[in-house]
Each structure stands twice: as C-alpha cells, then as structure tokens.
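Here, residue 1 is the first one in the sequence, and each next residue gets the next number.
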Amino acid sequence: MKKILYRNFALLKNPEHIELMSSLCPVIGTHPMVSEFQETFSEFHELVEKEKKAMQVTPGSKFTPAITQHDDTRDAYFRALKQHVKADLLLPKHTDEYQSALQLQRVIKAAGDVVRKNQEAKTGEIHTLLGRVRAEAISPILTAETQKKLKKLALSNYDFEADWQKRKIERAEKVSGEVKAAREKVDEVFRLLMEEINVMARTKKELNGELLIAKINSIMQEYHMLLKGRRTRKKNKAASGGGKTLLENGETLQGDTAKESTVEV
C-alpha cells in the first residue's frame, strides 16, 4: 500500500515553503476523499493563507520619522546648493567663485531633479553627484561655502542611508519572526493531514486514495530534489575551497561610500 513519504522541508526558503504548501492545497482540496478529513484540510488551507499574508506584511518602524527628517534635510541642502551656484554665476566671469560654480553646475544638471526622485533612487544620485565632484577634481577650486554645503549634503545622505538600512533589517527580522511562527503552524497541521490521508487511503480503498498520495509524493519530491541539489552544490563548493565574498551586499558597500563622501568632498 502506498503512503505519503513525509520529507523534512525545514531548509526550504520561506517563498519555497509557501510555494510547496500552496501547490498541495488544490491537489488535496479537489480530491473526492477530502470530505473524510475536511476539518483538518480547512485548517491547513487557512494556515497557508496566513503564512502568505505574513510574507506580504510591511510593518511599521521606529526609524521612519528619522528617515523622513533626513530626506527633508538633504532635499533642503540640495536646493540650497543649487541656489548658491546660481548666485555665484551672477558674479564676474573672471572670479574664482564664478569658475567653480560653472563646473559644479554641470554636475548638478547631470544629476537631474534629485528632489523629485523616490527616496532610494535619490540616495544613489547624490552618491553619484559627490563622486563626480571628486573624480573631476572640482573640489580644490570650490569656495569654502560651497564645500560646506556639499559636506552637509553628503552627511545628510549618509544619515538617511544609515537609518534606511536599519529599518530594512528591523522589518526583515519582524517579518521573519511572523513567517516563522506561521510556518511552524502550517508544518504541524500538514503532518497531521498527511497522517489522516494515509489512514483513509488504507482503510477506504474505494476512495482511490493512492492516486492522491502519488500526486502529493510527486510534488514533494520536486522540493526534496531542490534541497538535495543545493546541498550537493554547497558540498562541492566547500571541497573546491570556494567561499563567500566578504562584501556580498552592495548596500553595505554603498553605505561605506556614503560615509567617505562626508570626508573627501
């Protein structure tokens, strides 16, 4: 007699776990035998939906007010920088102020309307602007007042990004905790449901439970092979001396760049 071969899917990533459980719901829910364990299946289906919602939630954050303030601050400094450049371009062309403003104006124009960009894109544009100021050796010819405004822009951009990253981590941890709790409940009821299906298929053969069991085993085998392949690749990578790059996260590197901007501009 066939039976469901329950696998340990603890190492599946959260999206993969939801995908697996979601794909099992219609297979089980449309089989004639479902009426024999309707209560358990209904609970399982409801918990899978809760796990989905837990993945989609965007929780509030204590960092949001500071992020908004930093964003407003860098907008103000960017506008002030533009106005300062415009004012210096009214000066006689032979003056140092005019010449430095002329070069800085080209960089600001290339950045576009930074203030109107979304918060994340704005961070990158300001990084680029400050990088061009350094790369094109404009800094040495800038006036002290212009240097001061650029440093304040760089600092406010760095402060924004620092709290932005903290919020991302905070949200990820909160969502991860909620998904973990939902996932554990799904797994608990799933094991119970598999046991009930095995029993019903064995005791009520007229319901053709073996066909349902074959479908469930086939779906679970796909994810079992996914984990097996991942373990094999990890083992081969370790054997060949491969390892993770220390800086896998571009955001961390970008954060360092932002901090450097406050020093080198």
Side-chain angles (χ1 to χ4, degrees), residues 1-64 120 167-238 244 248-249:
M1 177 68 191
K2 286 185 178 180
K3 67 176 183 178
I4 297 172
L5 303 173
Y6 182 77
R7 310 283 192 177
N8 183 359
F9 292 115
L11 294 180
L12 281 179
K13 297 175 182 178
N14 287 330
E16 294 166 349
H17 184 267
I18 291 174
E19 187 181 73
L20 167 60
M21 297 303 168
S22 296
S23 63
L24 288 171
C25 282
V27 172
I28 300 170
T30 56
H31 194 276
M33 196 170 68
V34 72
S35 59
E36 301 296 326
F37 42 81
Q38 185 64 59
E39 185 176 342
T40 306
F41 172 72
S42 296
E43 183 181 4
F44 170 69
H45 185 268
E46 182 180 341
L47 289 172
V48 170
E49 292 302 311
K50 286 183 178 179
E51 186 181 357
K52 288 181 186 177
K53 289 180 181 178
M55 277 288 290
Q56 296 167 354
V57 70
T58 304
S61 171
K62 63 183 179 182
F63 296 106
T64 298
E120 199 165 9
R167 186 174 69 177
K168 283 182 68 174
I169 294 170
E170 178 193 50
R171 283 180 171 176
E173 289 174 347
K174 186 172 182 179
V175 170
S176 178
E178 292 177 357
V179 172
K180 182 175 181 292
R183 179 171 171 168
E184 287 174 352
K185 290 180 181 178
V186 168
D187 286 342
E188 181 182 344
V189 176
F190 178 60
R191 282 190 290 269
L192 177 60
L193 181 60
M194 297 303 99
E195 289 173 6
E196 291 187 18
I197 291 175
N198 280 335
V199 170
M200 290 299 171
R202 187 173 64 251
T203 59
K204 296 190 176 183
K205 295 182 180 180
E206 69 276 10
L207 295 176
N208 199 17
E210 286 197 6
L211 180 60
L212 175 60
I213 288 174
K215 288 182 178 179
I216 292 172
N217 281 338
S218 176
I219 293 172
M220 292 202 299
Q221 179 66 9
E222 290 180 26
Y223 289 85
H224 172 68
M225 294 306 294
L226 173 68
L227 289 175
K228 187 177 180 180
R230 192 172 289 161
R231 286 193 297 269
T232 300
R233 288 192 297 274
K234 186 175 181 181
K235 186 177 179 180
N236 291 340
K237 187 175 181 179
K244 288 187 176 181
E248 287 185 330
N249 190 335

Heavy atoms of other groups near Glu39 CD, more than 12 under 6.0 Å: no

Heavy-atom side-chain contact between Arg230 and Leu227 under 4.5 Å: yes

Non-hydrogen atoms of Lys3 and Ile213 that approach each other most closely: C-CG2, 3.5 Å

Sidechain N-carboxylate O distance under 4.0 Å for Lys50, Glu46: yes

Nearest heavy atoms of Phe9 and Arg183, plus distance in Å: O-NH2, 2.9 Å

Over 12 non-hydrogen atoms of neighbours within 6.0 angstrom of CD in Gln221: yes

Flag side-chain contact, heavy atom, 4.5 Å: Glu222 against Leu20: no

Heavy-atom side-chain proximity of Val186 to Ile18 below 4.5 angstrom: no

For Ile28 against Val34, the heavy-atom pair lying closest together: O-CB, 3.5 Å

Considering all heavy atoms, the nearest Met200-Met33 contact: CB-SD, 3.9 Å

Spacing of CD1 belonging to Ile4 relative to CD1 belonging to Ile197, to within rounding of 0.5 Å: 4.5 Å

Pairwise side-chain contact, Arg167 with Thr64, heavy-atom cut-off 4.5 Å (strictly under): yes

4.5 Å side-chain heavy-atom contact, Asn208 and Leu212: no

OG on Ser35 to CZ on Phe41, rounded to 0.5 Å: 12.0 Å

Check ion pair Glu184-Lys180 (N to O, under 4.0 angstrom): yes

Inter-residue atom distance Met194.CE - Phe37.CZ, 0.5 Å rounding: 7.5 Å

pair Asp187-His17: side-chain heavy atoms closer than 4.5 Å: yes

Close side-chain approach of Lys215 and Leu211, heavy atoms under 4.5 Å: yes

Tyr223 vs Glu19 side-chain heavy atoms within contact, under 4.5 Å: yes

Shortest non-hydrogen contact from Leu47 toward Lys185: CD1-O, 3.6 Å

Exercise: identify the closest heavy-atom pair between Ser22 and Val48: OG-CG1, 3.7 Å

NZ/NE/NH1/NH2 to OD/OE distance under 4.0 Å, Glu49 and Lys52: yes

